[in-house]
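To start, the structure under review is shown below, and the notes come after it.
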There are 2 protein chains.
Amino acid sequence: MKVSGSRHAAADTPRTNRGTKLTSAARRVQIIEVAISLFSRHGYNGTTTKALADAAAISEATIFKHFKTKDSLYRAAFQHRTESGSAEFVSLLERLADAGDDRYLLRTLFHGVCAGYTRDRDLHRLMQFALLEGEAAENARLTDELAHSAVPNFVGSWIARRQEEGVFAPGPPSVLVTAVLAPIVEFLHSSKLYGVDSGHDDATEVDVLVPFILRGLRRPDRPDADNRP
Amino acid sequence: MKVSGSRHAAADTPRTNRGTKLTSAARRVQIIEVAISLFSRHGYNGTTTKALADAAAISEATIFKHFKTKDSLYRAAFQHRTESGSAEFVSLLERLADAGDDRYLLRTLFHGVCAGYTRDRDLHRLMQFALLEGEAAENARLTDELAHSAVPNFVGSWIARRQEEGVFAPGPPSVLVTAVLAPIVEFLHSSKLYGVDSGHDDATEVDVLVPFILRGLRRPDRPDADNRP
DNA sequence: ATTATCTATAGATCTATAGATAATGC
DNA sequence: ATTATCTATAGATCTATAGATAATGC
């Protein structure tokens, strides 16, 4: 169990540069980065303004100078997440889709999503906390936003196209997107967000999951239609 | 955003029966039930002993009489989860496996897992909170425990058996269990835990996901091998 | 007489603010 | 002179305890 020792006592960064004067904008960004780190690890209620101040090596008063309330800092941290680099990634996937190499596309998708989780681990944890701590209405907005972000959007259009070409089995693309991404995301949640070792290395996971997903997508009578007709 | 209004102010049950005297054992169970409800909704740090007392319609002192600390109550609530009814469910699945009807087995699995999430919604939310709030070592123990509980255990043995029979494609059953359960669990997390409407009804989800999973499991050269050889 | 519960409160901690102080730019 | 930061503290709230009180069983 070990519930993260009541509220988190913090002290993540030694307060070396206490008293250093940054520009208002720079300090604001630094506080937000620290906030993403702590909120993502301990949630909203598990992160105190004292813990944030200690981690940023400033006083609590300085935090409240930059953000009127703890809640407004949380919102700023949450909205700081960006779709960094997903445009180039999607255009790479589009080229693979044009080339008709579904297997390689899925492998690239897997590795790309995996890299995204590793790079933006804190933001993904923050999102999970938000979904658990948030209300249904807010979650609907968030989920909808996620579902229409670049990568899921691409996967949906790719599936629809392959269905028209008669390669993939029919069914609503929006549901099939979940089916494709769920095994990948599930694996990443365990390994990257919860820090659990699956017992297999990433390569094995890819080599098993990608063929599974590909078989799931294809029409049974076109099992080897790797390229467009 | 709307971060569950700082700490939760509670008052879930009107304190009608204030002063009612239960046996120690009965009160203990009642407090645990209230604790599961609140901890699952707001997490450990988002649930105050005052909120718990109000919801149980007793004083805070009474809670501390039954549980030495808030943490010990959390542990008790967490360990209160049971594998209720999963033995009968698994024996039903085993009969379907013997009958060789893979499609019907998967549909039954889907509905059973779905019913479990609806019935024990709070316990599943509690688990998600625990994974986010907990440490890697503790999460490994939890995940391992979950992976070896009745249903995933059955799915693993079912896959292994079908692989031996040459019906399912090869691959480590432990990874394939994740692949099978992930789309189902992902859908249930959205709809039951986060309260998000997917835009499709449950029947559509089943009708799309089950064929997808089944195609993913089968060898491409045996697409219609619904029954054992 | 025993057992469950409550009232009242201690002591720590949390968010937030007011006013003083120190660093920077002109 | 301006701007960022700090010290000190208010007021609320949190977990937990001590001792008083009320309900039950004999």
Side-chain angles (χ1 to χ4, degrees), chain A residues 1-11 13 15-32 34-35 38-39 42-77, chain B residues 1 3-11 13 15-32 34-35 38-39 42-77 133:
Chain A
M1 200 77 355
K2 193 68 221 309
V3 170
S4 47
S6 65
R7 312 283 189 84
H8 187 57
T13 306
R15 59 179 75 180
T16 53
N17 55 334
R18 198 105 190 193
T20 304
K21 215 171 153 182
L22 299 185
T23 64
S24 192
R27 181 66 80 192
R28 193 185 150 86
V29 168
Q30 186 228 1
I31 293 172
I32 285 178
V34 163
L38 291 196
F39 282 135
H42 311 292
Y44 182 81
N45 292 308
T47 304
T48 65
T49 50
K50 170 137 184 13
L52 290 162
D54 286 351
I58 53 179
S59 72
E60 290 182 69
T62 298
I63 289 183
F64 285 107
K65 209 72 178 184
H66 289 269
F67 300 91
K68 202 164 188 233
T69 63
K70 181 186 170 186
D71 186 71
S72 73
L73 169 56
Y74 179 80
R75 287 162 198 268
Chain B
M1 199 79 352
V3 170
S4 49
S6 66
R7 312 283 190 85
H8 188 57
T13 304
R15 57 178 78 182
T16 52
N17 54 335
R18 198 105 190 194
T20 304
K21 215 172 154 182
L22 299 185
T23 65
S24 192
R27 181 65 79 190
R28 192 186 151 88
V29 168
Q30 185 228 0
I31 293 172
I32 285 179
V34 163
L38 290 195
F39 283 136
H42 311 291
Y44 182 82
N45 292 309
T47 304
T48 65
T49 51
K50 171 137 184 14
L52 289 162
D54 286 350
I58 54 178
S59 71
E60 290 182 69
T62 298
I63 288 182
F64 285 108
K65 209 72 178 183
H66 288 270
F67 300 92
K68 202 167 188 224
T69 63
K70 181 186 170 187
D71 186 71
S72 73
L73 169 55
Y74 179 80
R75 288 162 198 267
E133 291 178 332

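Letters A, B, ... mirror the listed sequences (proteins, then strands); counts begin at 1. Here the structure is a predicted model, which is why all the values come from computation and not from measurement.
- Atom CG in B/Leu38 sits roughly 12 Å away from atom P in D/dT15 (whole-Å rounding).
- Counting to the nearest Å, the P atom of C/dC14 and the NZ atom of A/Lys70 are 9 Å from each other.
- For B/Phe67, the side-chain contact (heavy atoms from CB on, under 4.5 Å) criterion is met by B/Arg28, B/Ile31, B/Ile32, B/Ser72, B/Leu73, B/Ala76, not counting sequence neighbours.
- Going from atom CG of B/Asn45 over to atom P of D/dT13 covers 18 Å, rounded to whole Å.
- Atom OG1 of B/Thr49 sits about 7.0 Å away from atom NZ of B/Lys70, to the nearest 0.5 Å.
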Under the 3.5 Å Watson-Crick or G-U criterion, the dot-bracket string of DNA chain C, with | for inter-strand pairs
||||||||||||||||||||||||..
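- Under the rule for a side-chain contact (heavy atoms from CB on, under 4.5 Å), the partners of B/Ala26 that lie at least two apart in sequence or sit in another chain are B/Leu22, B/Thr23.
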Using a cut-off of under 3.5 Å, enumerate the N/O to N/O pairs linking the protein to nucleotides 2-4 of chain C.
unit_1	atom_1	unit_2	atom_2	d
C/dT3	O2	B/Lys21	NZ	2.6
C/dA4	OP1	B/Ser24	N	3.3
C/dA4	O3'	B/Leu22	O	3.3

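- Between B/Ala35 and B/Leu52, the shortest heavy-atom contact is CA-CD2, 3.6 Å.
- Proximity of A/Thr49 to the phosphate of C/dT15: a side-chain N or O atom is located under 4.0 Å from OP1 or OP2.
- What separates CG of A/Leu73 from P of C/dC14 is a distance of 16 Å, to the nearest Å.
- Annotation: the span from B/Glu133 atom CD to B/Tyr74 atom OH amounts to 5.5 Å, rounded to 0.5 Å.
- Pairing each heavy atom of B/Val34 with each of B/Ala55, the nearest pair is CG1-CB, 3.6 Å.
- Put simply, CG on A/Asp54 and CG on A/Leu38 are 9.5 Å apart, with the number rounded to the nearest 0.5 Å.
- Taking atom CG on A/Asp71 and atom C1' on C/dC14, their separation rounds to 15 Å, with Å as the unit.
- Regarding B/Ile58, its CD1 atom lies at a distance of 14 Å from the P atom of D/dT15, rounded to whole Å.
- To the nearest 0.5 Å, the span separating OH on B/Tyr44 from CZ on B/Arg75 amounts to 8.5 Å.
- We find the OG1-CZ distance between B/Thr62 and B/Arg27 to be 7.0 Å, quoted to the nearest 0.5 Å.
- In this structure, B/Leu52 atom CG and D/dT13 atom P are separated by 17 Å, rounded to whole Å.
- For the pair A/Ile63 CD1 and C/dA18 C1', the computed distance is 18 Å after rounding to whole Å.
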